[in-house]
Asks: 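Right, I'll just put the structure down here and ask away after.
Since this is a predicted model, take the numbers as computed values, not measurements. In what follows, chains are A, B, ... by sequence order, proteins preceding strands, each numbered from 1.
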2 protein chains.
Amino acid sequence: MHVDDLPIEQKIKYVQDTLFVISGKWKLPILIAISQGSNRFRDIQRQVLPITTRVLTKELRDLEQNKLVIRTVYDTSPVLVTYDVSAYCKSLKPLVDEMILWGKNHRKKLIE
Amino acid sequence: MHVDDLPIEQKIKYVQDTLFVISGKWKLPILIAISQGSNRFRDIQRQVLPITTRVLTKELRDLEQNKLVIRTVYDTSPVLVTYDVSAYCKSLKPLVDEMILWGKNHRKKLIE
DNA sequence: CTGTATCCATGATGATACTG
DNA sequence: CAGTATCATCATGGATACAG
């Protein structure tokens, strides 16, 4: 089944679902930071400045709920927590690549 | 130049640019409505209910600024205004199609 | 280190009325 | 018809302090 064959209401619904998962100021920057090797809370926060702890916590919880991030708690003292992108998260790559390309071109377009 | 070769900060910046242009509750539904033939303010509003005039005005201005929508004012009485998607707007199709596909699959994924 | 709790500022959105 | 103006509401996000 091809995308173009979907009824318009379905298209809008699916697009809005996707936007809901990835939109906002922080979610993709966080995913990119984690996938580049920032696996600890502080590491991510430093990479994605100026995000606050409160907001970062919430964003990580959202991403975990959507199965894009895996949170692992080690029972050490002090407690160690790691964040990793899931295998499922890789399914976002074509979409993110499209966004990068479009955003890159759009900058030029606006200057015209 | 390939997307993967971009430095991480650039990737994040371009993705955020893209998100800024298309995200939010209304922008893509409005673009879809216009491209399907709703070219007048009232037509769009009826198609994208329950959007208010105030919000629709703002969203259309944003889309116009980003060159995705063309607003034409005819000097008649009463005044006639039409909205059309630009040729540039078509460049969004690969991105929107990816979003539709991903959102469609994501619904299934969350049920697992 | 990894968060939680609290308070507060800001912006986005809605309701309604009104204008040319 | 195509908006603008005004007021009210609400969610989001930031600042800061603190806890385990």
Side-chain angles (χ1 to χ4, degrees), chain A residues 12 15-31 33-34 36-66 68-85, chain B residues 12-13 15-31 33-66 68-85:
Chain A
I12 293 179
V15 167
Q16 286 177 327
D17 283 354
T18 299
L19 280 174
F20 193 75
V21 173
I22 64 171
S23 78
K25 201 170 166 182
W26 304 115
K27 292 200 172 60
L28 284 169
I30 290 170
L31 286 180
I34 297 176
Q36 303 267 330
S38 297
N39 297 97
R40 307 282 295 277
F41 192 89
R42 287 291 166 204
D43 293 340
I44 300 167
Q45 189 173 25
R46 266 188 292 267
Q47 187 77 29
V48 190
L49 278 171
I51 196 169
T52 62
T53 59
R54 202 177 83 96
V55 173
L56 180 53
T57 300
K58 180 191 168 294
E59 299 289 282
L60 286 170
R61 295 290 181 278
D62 290 347
L63 293 170
E64 197 188 354
Q65 278 238 330
N66 282 303
L68 297 172
V69 159
I70 297 166
R71 178 176 183 267
T72 311
V73 183
Y74 297 91
D75 194 12
T76 54
S77 173
V79 65
L80 170 65
V81 179
T82 63
Y83 292 92
D84 296 276
V85 294
Chain B
I12 292 179
K13 188 181 68 172
V15 167
Q16 286 178 326
D17 284 353
T18 300
L19 281 174
F20 193 75
V21 173
I22 65 171
S23 77
K25 200 170 167 184
W26 303 115
K27 291 201 174 57
L28 283 169
I30 289 170
L31 286 180
I34 296 176
S35 67
Q36 304 266 329
S38 297
N39 297 97
R40 308 282 292 278
F41 191 90
R42 289 288 167 205
D43 294 340
I44 300 167
Q45 188 172 25
R46 267 187 293 268
Q47 188 76 28
V48 190
L49 280 171
I51 196 171
T52 62
T53 60
R54 204 175 86 92
V55 174
L56 180 54
T57 299
K58 180 191 167 294
E59 299 289 281
L60 286 170
R61 294 291 181 278
D62 290 348
L63 292 170
E64 197 188 354
Q65 278 237 329
N66 282 303
L68 297 172
V69 159
I70 297 168
R71 178 176 182 267
T72 310
V73 182
Y74 296 91
D75 193 12
T76 55
S77 173
V79 66
L80 171 64
V81 179
T82 63
Y83 292 93
D84 296 276
V85 294

Asks: For A:Arg54 and B:Thr53, find the nucleotide of DNA chain D closest to each by heavy atoms; which residue's nucleotide sits nearer the 5' end?
Replies: B:Thr53
Asks: Round to the nearest Å and state the distance from B:Phe41 atom CZ to C:dG20 atom C1'.
Replies: 15 Å
Asks: Which distance, rounded to the nearest 0.5 Å, do you find between the CZ of A:Phe41 and the CZ of A:Arg71?
Replies: 9.5 Å
Asks: Shortest non-hydrogen contact from A:Asp43 to A:Ser38?
Replies: CB-CB, 3.9 Å
Asks: In whole angstroms, how far is the C1' atom of D:dA15 from the CD1 atom of A:Ile51?
Replies: 14 Å
Asks: Just the rounded figure in Å: distance from P of C:dG3 to CG of A:Leu56.
Replies: 9 Å
Asks: Between atom CD in B:Gln45 and atom P in C:dG14, what is the gap in whole Å?
Replies: 11 Å
Asks: Any side-chain heavy-atom pair from A:Leu68 and A:Val21 closer than 4.5 angstrom?
Replies: yes
Asks: Tell me: NZ of A:Lys27 to C1' of D:dG13, nearest whole Å?
Replies: 12 Å
Asks: Could you tell me which non-hydrogen atom of B:Pro29 sits nearest to which non-hydrogen atom of A:Ile12, and how far apart they are?
Replies: CG-CG2, 3.9 Å
Asks: Return yes when atom CD of B:Glu64 has more than 12 non-hydrogen atoms of other residues, nucleotides or ligands closer than 6.0 Å, and no otherwise.
Replies: yes
Asks: Send over the distance from A:Asp43 CG to C:dC1 C1', rounded to a whole Å.
Replies: 10 Å
Asks: In whole Å, I'd like the distance from the CZ atom of B:Arg46 to the P atom of D:dG3.
Replies: 14 Å
Asks: On DNA chain C, nearest-nucleotide positions of A:Arg71 versus B:Trp26: which is more 5'?
Replies: A:Arg71
Asks: Would you indicate what A:Arg40 reaches in the nucleic acid, counting non-hydrogen atoms under 4.0 angstrom: base, sugar-phosphate, or nothing?
Replies: sugar-phosphate
Asks: Can you tell me which nucleotide in D:dT4, C:dA5, D:dG20 comes closest to the side chain of B:Thr57?
Replies: D:dT4
Asks: Under 4.0 Å, counting only non-hydrogen atoms across every strand here, what does B:Tyr74 touch: a base, just sugar-phosphate, or nothing?
Replies: nothing
Asks: So, is A:Tyr83 near the phosphate of C:dG3, with a side-chain N or O under 4.0 Å from OP1 or OP2?
Replies: yes
Asks: So what does A:Lys25 hit on the nucleic acid, given a heavy-atom distance under 4.0 Å: a base, only sugar-phosphate, or nothing?
Replies: sugar-phosphate
Asks: Any side-chain N or O of B:Arg61 under 4.0 Å from OP1/OP2 of D:dT4?
Replies: yes
Asks: Using atom CG of B:Asp75 as one end and atom C1' of D:dA2 as the other, report the distance to the nearest whole Å.
Replies: 14 Å
